[in-house]
Amino acid sequence: MANDASAVFDTLSPAVSKGSLADPFTPPADSSLWRKNFLLGAATASYQIEGAVNEDGRLPSIWDTFSAIPGKVLAGDTGAVACDHYHRWEADVEMLASLGLEGYRLSIAWPRVMDAAGAPNRKGIDFYKRLLNRLKEKGITTFVTLYHWDLPQHLEDRGGWLNRDTAYRFADYADLMSCELAGTVDAWATLNEPWCSAYLGYGNGHHAPGLANDRFATQAMHHLLLAHGLAVPVLRANDPASQKGIVANIGRGTANSDSAADQRAAHLFEVQHNAWILDPLLKGSYPQDLFELWPGTEPLVLDGDMETISAPLDFLGINYYFRTNVASDGAHGFRDVPLEGVERTQMGWEVYPDGLRDLLTGFKETYHNLPPIYITENGMASDDEVTDGRVEDTQRISFLKRHLAAVDQAIKAGVDIRGYFLWSLMDNFEWAFGYERRFGVVHVDYSTQKRTIKRSAELVEKFLQERKAKA
Ligand code: IFM
């Protein structure tokens, strides 16, 4: 399948070009990854893999509605079947365990487990009970995200994240799930990537529910963070032994020149991508520079909200993918200036591992109460094909190796990083890009649902075996 990324791919150095295995995965002997308590796992999300959208009482989510609108998702794809994980979960858990992965990060579909009146949907809850029990039997550490973007449509019909009431409904949902699943979850994350829910969902409309207004984005963000803050004490009360945290996607912004205007643009990029979420969580306030970028968009904040939002966390989940080179837009914002001649992935995203290290070390400086960190997502999409039963995803192997080296550098610089989850365990529904973009370390043939272990997964498995043998 031809695309921009494949053109860039062909220009890569021999060490990372197609078909070469000259750059294997195994980290150097002095890497922190050899520590046996550094958790190495893989992640997925409910709407991206489960399918079975009309089964066992599941209600529609905003992504069912959005993906049914022509033009919103590439090729008109939807999550109706996805990886059919709802029916194939047992084989998928076997596959995860056979790869030796130590951790699994999954999310719960809110519309599967509660009806519109807030009553439990027993069949949906039982699915997650069976899944988590099996993972525990296999000795796999479980990270469970409560909200990975599949808001029940009936809540969106009442305003979704623009309605403060959704935050309270989320706390009810967290209450139900933590009562039901206590003891099978090692770590709870309230939200996955509130930046995407707020900005892509309500700010530019690229994601469900598809609204486009900066003021909506800041208000949606406030209600998402409030939902998080309301849920944390509920999770603590119901499931005291587990860790509680949240997952943020972070973006590296670099300046296109040394000019003060471009430097300021890069700063504003990172305020918009990182400080917008991390400041309220870790400092109890919104960064004022955000409102320089988007004048007049201050959200409505009630007394006590910021204290609720900034309650201490046990961990912070960090998702990192790429950097963006920016310049001043000549007004009070920034504009992207894509760099030429850099390595890119199938998404067109620049491969820039230093950005992960630099952001993590920067957060340690900025936030004195930075909790322990898990890299809850990192990975890349490539145009993978099965040839003679094999998938040689050479660019991914090199990508993972370099990003894990960046994690090691951050650890050596003093950042407390406890684990890393590959995004993703298997190819899946990549939101507005449908099934074309393949992020998995396992290939999925969507016409047969056949899973094929990619070379990257084999090398991760080999490393984990070696690490185990040394322990
Ligand atoms: O697939 C997504 C995931 O759902 C959230 N983080 C980024 C991934 C790749 O775009």
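Applying the salt bridge (Lys or Arg N to Asp or Glu O under 4.0 Å) test to D175 and every residue at least two apart in sequence or in another chain returns nothing. Every residue was checked against the salt bridge (Lys or Arg N to Asp or Glu O under 4.0 Å) condition with K244, not counting sequence neighbours, and none meets it. Not a single side chain to side chain donor-acceptor pair (under 3.5 Å) links Y320 to another residue, sequence neighbours left out. In this structure Y352 satisfies the side chain to side chain donor-acceptor pair (under 3.5 Å) test with no other residue, sequence neighbours excluded. The side chain to side chain donor-acceptor pair (under 3.5 Å) check on Y199 picks up nothing, with sequence neighbours excluded.
A salt bridge is absent between D262 and R264: the closest approach of a Lys/Arg side-chain nitrogen to an acidic carboxylate oxygen does not fall below 4.0 angstrom. Taking the charged nitrogens against the carboxylate oxygens, D126 and R130 have no contact shorter than 4.0 Å, which rules out a salt bridge. Under 4.0 Å is where a charged nitrogen must lie from a carboxylate oxygen, and between D92 and R451 at least one such pair does. Using a cutoff of 4.0 Å between basic side-chain nitrogens and carboxylate oxygens, R58 and D64 are scored as salt-bridged. For R344 and E350, the salt-bridge test fails: no basic side-chain N is under 4.0 Å from an acidic carboxylate O. Checked for salt-bridge contact, R112 and E50 meet the test: a charged N lies under 4.0 Å from a carboxylate O. Here R402 does not pair with D354 in a salt bridge; the nearest charged N to carboxylate O distance is not below 4.0 Å.
Aromatic rings of F315 and F143 (six-membered ring for Trp) have centroids within the 6.0 Å cut-off, being under it. In this structure, Y435 has its ring center under 6.0 Å from that of F429. Ring centroids of F38 and Y420 are separated by 6.0 Å or more, keeping the two rings apart.
Inspection of the R396 and S456 side chains reveals no N or O donor paired with an N or O acceptor under 3.5 Å. Using a 3.5 Å distance cut-off with no hydrogens or angles, the side chains of D279 and Y367 do pair a donor with an acceptor. Side-chain contact annotation: Q263 with H267, donor-acceptor N/O pair under 3.5 Å absent.
Between Y321 and F439, the ring planes are perpendicular. Angles over 60° get that label, and only those under 30° would be called parallel.
Looking only at side-chain heavy atoms (C-beta outward), M221 and I277 come within less than 4.5 Å of each other. With contacts defined as side-chain heavy-atom distances shorter than 4.5 Å, the pair T361/V415 qualifies. For the pair L300/Q219, a side-chain contact is recorded, criterion being any heavy-atom separation below 4.5 Å from C-beta on.
Between L268 and L293, the closest heavy-atom pair is O-CD2, 4.0 Å. Nearest heavy-atom pair across G304 and E307 is CA-OE1, 3.1 Å. Taking both residues in full, the closest heavy atoms of D314 and R236 are given as OD2-NH1, 3.0 Å, listed atom of the first, atom of the second, then distance. Shortest non-hydrogen contact noted between S424 and A43 is OG-O, 2.8 Å.
Within the structure, every pair that satisfies the ring-ring contact (aromatic ring centres under 6.0 Å, His included) test and touches residues 158-187, not counting sequence neighbours, is listed here: W110-F170, W110-Y173, Y147-W161, F170-Y173.
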- [ ] Evaluate the criterion ring-ring contact (aromatic ring centres under 6.0 Å, His included) for residue pair W431 and H206; output intermediate values, then yes/no.
- [x] CA-CA 9 Å; W431 307 110; H206 293 179; over 10 Å; no
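Here the CG-OG distance, from N192 to S197, works out to 7.5 Å after rounding to the nearest 0.5 Å. Here the CZ atom belonging to R105 is positioned 5.5 Å from the CG atom belonging to N319, to the nearest 0.5 angstrom. The structure places CG of L422 at 10.5 Å from CZ of F399, a figure rounded to the nearest 0.5 Å.
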